[in-house]
> 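Quick one: the structure is below, questions incoming.
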Number of protein chains: 2
Amino acid sequence: MASIKDVAGLAGVAVGTVSRVINHSGAVKPETRRKVEEAIKRLNYIPNEIARNFKMQKSKMVALLLPTISHPFFSELAYYIEDELDREGYKLMLCNSGSKPEKELYYLDMLQQNKVAGIVGITYNDIDSSVSTDIPIVSIDRHFSKRIICVTSDNYEGGRLALRELVRAGAKKPAFIGTVIPVSSEIMKRKSGFVQEAKAMGVDYVVYEKPDPIIDEDKYYNEFFMRHDDVDGVFATNDMFAAQYIERASRRGISVPGDVKVIGYDGIQSHAYFHPVLSTIRQPVEEMARTAVKLLLGQIGGESFHQDTYCLPVMYRQGETT
Amino acid sequence: MASIKDVAGLAGVAVGTVSRVINHSGAVKPETRRKVEEAIKRLNYIPNEIARNFKMQKSKMVALLLPTISHPFFSELAYYIEDELDREGYKLMLCNSGSKPEKELYYLDMLQQNKVAGIVGITYNDIDSSVSTDIPIVSIDRHFSKRIICVTSDNYEGGRLALRELVRAGAKKPAFIGTVIPVSSEIMKRKSGFVQEAKAMGVDYVVYEKPDPIIDEDKYYNEFFMRHDDVDGVFATNDMFAAQYIERASRRGISVPGDVKVIGYDGIQSHAYFHPVLSTIRQPVEEMARTAVKLLLGQIGGESFHQDTYCLPVMYRQGETT
DNA sequence: CGACTATATTGAAACGTTTCCAATAGGGTG
DNA sequence: CACCCTATTGGAAACGTTTCAATATAGTCG
């Protein structure tokens, strides 16, 4: 593999000159540039990015740490994150934690060893305390500390919106169901928005949380249907969960939206052709992704931000379930 | 940031010794090891992986180059690939090409500059000619050359299976629809399997390919429904496309599986709770992913393989559309 | 024409590891 | 006691780049 030295040798110049040609830094005589470029071509020289990273003591690598890329919301997010990073000349490293705290820690450790330029995290742990370096981190949907900027959608408003739409669709007793990640999660606000709005409107409501991880799914659903057979509206914490609920309901002969109106959360695109098309609170996935990257790269570039949470607006999208 | 030198200084030994302690290479007296470990702890020393990569002239990074991670089949694949890589101490870099040839080339170039240890590719180009280094590559569903090992599912058998199942479900005139990536694609075999089996069984059939990229989707479907209104079975190149077809058909008052039986391809998990649950030819995603990684790491480790295509079995999965 | 300036180029140090060779210290053996 | 062998350690080179101070070259102006 040809190195910069070989190029310099063949072109009859010093390595520093070759470096300046490659990086367009400093002044180089056109004639010299030509010679160097000629040599580069002849030797089929490719700059060694590893050596560069080493010299610079930083890599243009950003890590995305999330539960699993196979969840459609995350994969959509990942797509836009990678796209935005690429525009800025950065690369993306993908880390599936499986939501396991110990795996999150393991990855964080590895990422620091690898001196990644920054991390976008969607984690279960409060990762602030477990990162010893001052590596920039942007978190999505989790608020940990001043240091870690959080990008989220307006979960509180999303919860309120869901409640209002369920009521508007005719629900007299709406229920909130789903997993509420306890640790610093913005997602909890979906519940509080829902609850607050119900109280404000004087509507009877139910909250039926799903343990995570769940031991006995059948029992969870059976109990819900038994205890709350008067529920006629359901707001689920995400689209997949909403679909799952509908599946269970229909097995019991409950029709959607006839007997029960259902609203999900996320607004996943890849489900567009499948039925029922969910009524859902759509998060601005693309905007969240690009915002997260912009904030991260800002931090990497040395900017500091006064704001520690960036909250983007959500939207109600009508489907076939309300 | 503390370096190996600082550790050596504090422990009163040479850097080489510290290196041997860290890597458990060579002999180190227990007493010395203790001193070094003590120093490492005191300084909160983290080995600089970049420097290591540099010295070794290789990184433990494998790239996954695919059209888009937001497609559920690819995201499922990516999940298992990352999982398998992590087990072996490798990291995954994610590259979305958007199926654009120029972007594929751009990424391949970048990956070579970054001296990634290997590449798993799902590409549109014949990438063989555009990779100048001898970096190991495993391709999924594309067969280019001896050099690039191809991991695929049994697309030919999948096509035959689809035809047989459509006929078994009562179809008299089944159609193959979908995109047929021309370049060295294993996916073409889905078509040939379908066609061959139809001929073998003496069944009347239709092939209606979808251009890629498609200009006018409405026109494509309209023409299909006009020209082939006697078609009563559809085999689509993938699940998403099958769902899309069903959507279009139902808008025209065609019922599935009443009027037309439909079989998709892939067997995407994240659609399990949505309807109609597709009858589909399921690819062994997990096995494909793990096989691809194993072969790639084998190559990285210097093994050479006599076989250039690894074909895994597919399975018919009954849903609600046949 | 000499002094200055602007432009081009050189050469070497430095980044943090690993690895190899030489050096040293013990420990056993004849 | 001399010798050899092994276990352990030290020291330095090397990996390929960037950067910076120093030097060289060529105009320009008075």
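Letters A, B, ... are given to chains in the order of the sequence lines, protein chains preceding strands, and every chain is numbered from 1. None of these values were measured; they are calculated from a predicted model.
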> Without decimals, in angstroms, what is the distance between K5(B) NZ and dT18(C) P?
13 Å
> Just grab all the salt bridge (Lys or Arg N to Asp or Glu O under 4.0 Å) pairs involving residues 52-81 of chain A, residues at least two apart or on different chains.
E49(A)-R52(A), E76(A)-R282(A)
> Write down the distance between CD1 (I22(B)) and P (dT9(D)), rounded to a whole number of angstrom.
15 Å
> List in chain and number order the residues that pass side chain to side chain contact (heavy atoms under 4.5 Å, CB included) with R34(A), two or more places apart in sequence or in another chain; answer none if no residue qualifies.
E31(A)
> Does OP1 or OP2 of dT18(D) have a side-chain N or O of S19(A) closer than 4.0 Å?
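Indeed, a polar side-chain atom of S19(A) lies that close.
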> Got a list of side-chain donor-acceptor pairs under 3.5 Å for residues 1-20 of chain A, not counting sequence neighbours?
| residue | atom | partner | partner atom | Å |
| --- | --- | --- | --- | --- |
| S3(A) | OG | K5(A) | N | 3.1 |
| D6(A) | OD2 | S3(A) | N | 2.7 |
| S19(A) | OG | N23(A) | ND2 | 3.3 |

> Is there a donor-acceptor pair under 3.5 Å between the side chain of N96(A) and the backbone N or O of G98(A)?
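The answer is no, because no donor-acceptor pair under 3.5 Å joins these two groups.
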> Who passes ring-ring contact (aromatic ring centres under 6.0 Å, His included) against F54(A), sequence neighbours left out?
F54(B)
> Nearest whole angstrom, please: distance from the P of dT17(C) to the CG of N114(A).
13 Å
> Suppose we screen for side chain to side chain donor-acceptor pair (under 3.5 Å). Which residues come up paired with T291(B), at least two apart in sequence or across chains?
none
> What is the distance, rounded to the nearest whole Å, between atom CD of E31(B) and atom C1' of dA7(D)?
15 Å
> Taking only residues two or more places apart in sequence, or in another chain, which ones meet E286(A) in a side chain to side chain donor-acceptor pair (under 3.5 Å)?
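With sequence neighbours excluded, E286(A) shows a side chain to side chain donor-acceptor pair (under 3.5 Å) to R290(A), given in chain and number order.
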> Taking only distance into account, with no hydrogens and no angle test, what donor-acceptor pairs under 3.5 Å do side-chain atoms of residues 296-304 of chain B form with protein atoms, sequence neighbours excluded?
none

> Measure the distance from CE on M1(B) to C1' on dT17(C) and round it to the nearest whole Å.
15 Å
> Does the protein touch nucleotides 4-10 of chain C at the base, only the backbone, or not at all? Give it as B, S and - per nucleotide, heavy atoms under 4.0 Å.
----SBB
> Would you jot down, in residue-number order, the residues of residues 48-58 of chain A having a non-hydrogen atom under 4.0 Å from DNA chain D?
N48(A), A51(A), R52(A), F54(A), K55(A), M56(A)
> For A117(A) and S59(A), which heavy atoms make the closest approach, and how far apart are they?
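It is CB-O, 3.2 Å.
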> Round to the nearest Å and state the distance from I4(B) atom CD1 to dA12(D) atom P.
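Rounding to the nearest Å, CD1 of I4(B) and P of dA12(D) are 16 Å apart.
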> CZ of R34(B) versus C1' of dT8(D): gap in Å, rounded?
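So the CZ-C1' distance, R34(B) to dT8(D), works out to 17 Å.
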> Run the ring-ring contact (aromatic ring centres under 6.0 Å, His included) test against Y107(A) and tell me which residues pass, sequence neighbours left out.
none
> Compute the bend angle of the helix from dC1(C)-dG30(D) to dG30(C)-dC1(D) from the end axes (five pairs per end), rounded to 10°.
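For the helix from dC1(C)-dG30(D) to dG30(C)-dC1(D), the axes at either end differ by 50°.
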> Quickly work out the N23(A) CG to dT19(D) C1' distance and round it to whole Å.
11 Å
> Please list all pairs passing the salt bridge (Lys or Arg N to Asp or Glu O under 4.0 Å) test where one or both residues lie in residues 101-114 of chain A, with sequence neighbours left out.
K103(A)-D86(B)
